[in-house]
Chemist: 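Pasting a structure here, questions to come.
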Amino acid sequence: GLPLRRSVLAIVNRFKFREPAYPGDRLLYTVRLKAMREDFAVVEVKAHIEQKLCAEGELTFSLVDVQEERLHEARKELYRIWMREAEVKP
């Protein structure tokens, strides 16, 4: 099959940090896809604590092929650990 593609953060652009976030704060991120091509994607991101905007800006990701299955398995395990107590909303 086709190789799996992964995103790698390449550029942080026009980011504004408006309020600090502290341990225990719950951040809600909203992301809007602005552009996507074969080898990169650009998204607009906003982060809120409660209803208050604390950061916003633009992120550019390089999209790369990852051939090594071992890396995919390690990524899945890390994601499982990070998300074990997260509430995911559609």
Chemist: Going hydrophobic residue to hydrophobic residue with side-chain gaps under 4.5 angstrom, can you get from Leu27 over to Val12?
Modeler: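 Yes, because Leu27 and Val12 connect within a single hydrophobic cluster, where side-chain heavy atoms sit under 4.5 Å apart.
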Chemist: Applying side-chain hydrogen bond (donor to acceptor under 3.5 Å, both in side chains), name anything that partners Arg6, two or more places apart in sequence or on another chain.
Modeler: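 Residues passing side-chain hydrogen bond (donor to acceptor under 3.5 Å, both in side chains) with Arg6: His72.
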Chemist: Is the closest basic N to carboxylate O distance between Glu73 and Lys76 below 4.0 Å?
Modeler: yes
Chemist: Show me the donor-acceptor pairs within less than 3.5 Å that the side chains of residues 36-59 make with the rest of the protein, sequence neighbours left out.
Modeler:
from: Glu44; atom 1: OE1; to: Arg32; atom 2: NH2; distance (Å): 3.4
from: Glu56; atom 1: OE2; to: Arg18; atom 2: NE; distance (Å): 2.8
from: Glu56; atom 1: OE2; to: Arg18; atom 2: NH2; distance (Å): 2.7
from: Glu58; atom 1: OE1; to: Arg14; atom 2: NH2; distance (Å): 3.0
from: Glu58; atom 1: OE1; to: Lys34; atom 2: NZ; distance (Å): 2.7
from: Glu58; atom 1: OE2; to: Asn13; atom 2: ND2; distance (Å): 3.4
from: Glu58; atom 1: OE2; to: Arg14; atom 2: NH2; distance (Å): 3.4

Chemist: Is there a path of hydrophobic side-chain contacts, each under 4.5 Å between heavy atoms of I, L, V, M, F, W or Y residues, that connects Leu33 with Leu9?
Modeler: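 Cluster IDs for Leu33 and Leu9 match.
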Chemist: Side-chain heavy atoms under 4.5 angstrom apart, residues restricted to Ile, Leu, Val, Met, Phe, Trp, Tyr: same cluster for Ile11 and Leu63?
Modeler: no
Chemist: Share the residues that join Leu28 in a hydrophobic cluster, the rule being Ile, Leu, Val, Met, Phe, Trp or Tyr side chains under 4.5 Å apart at the heavy-atom level.
Modeler: none
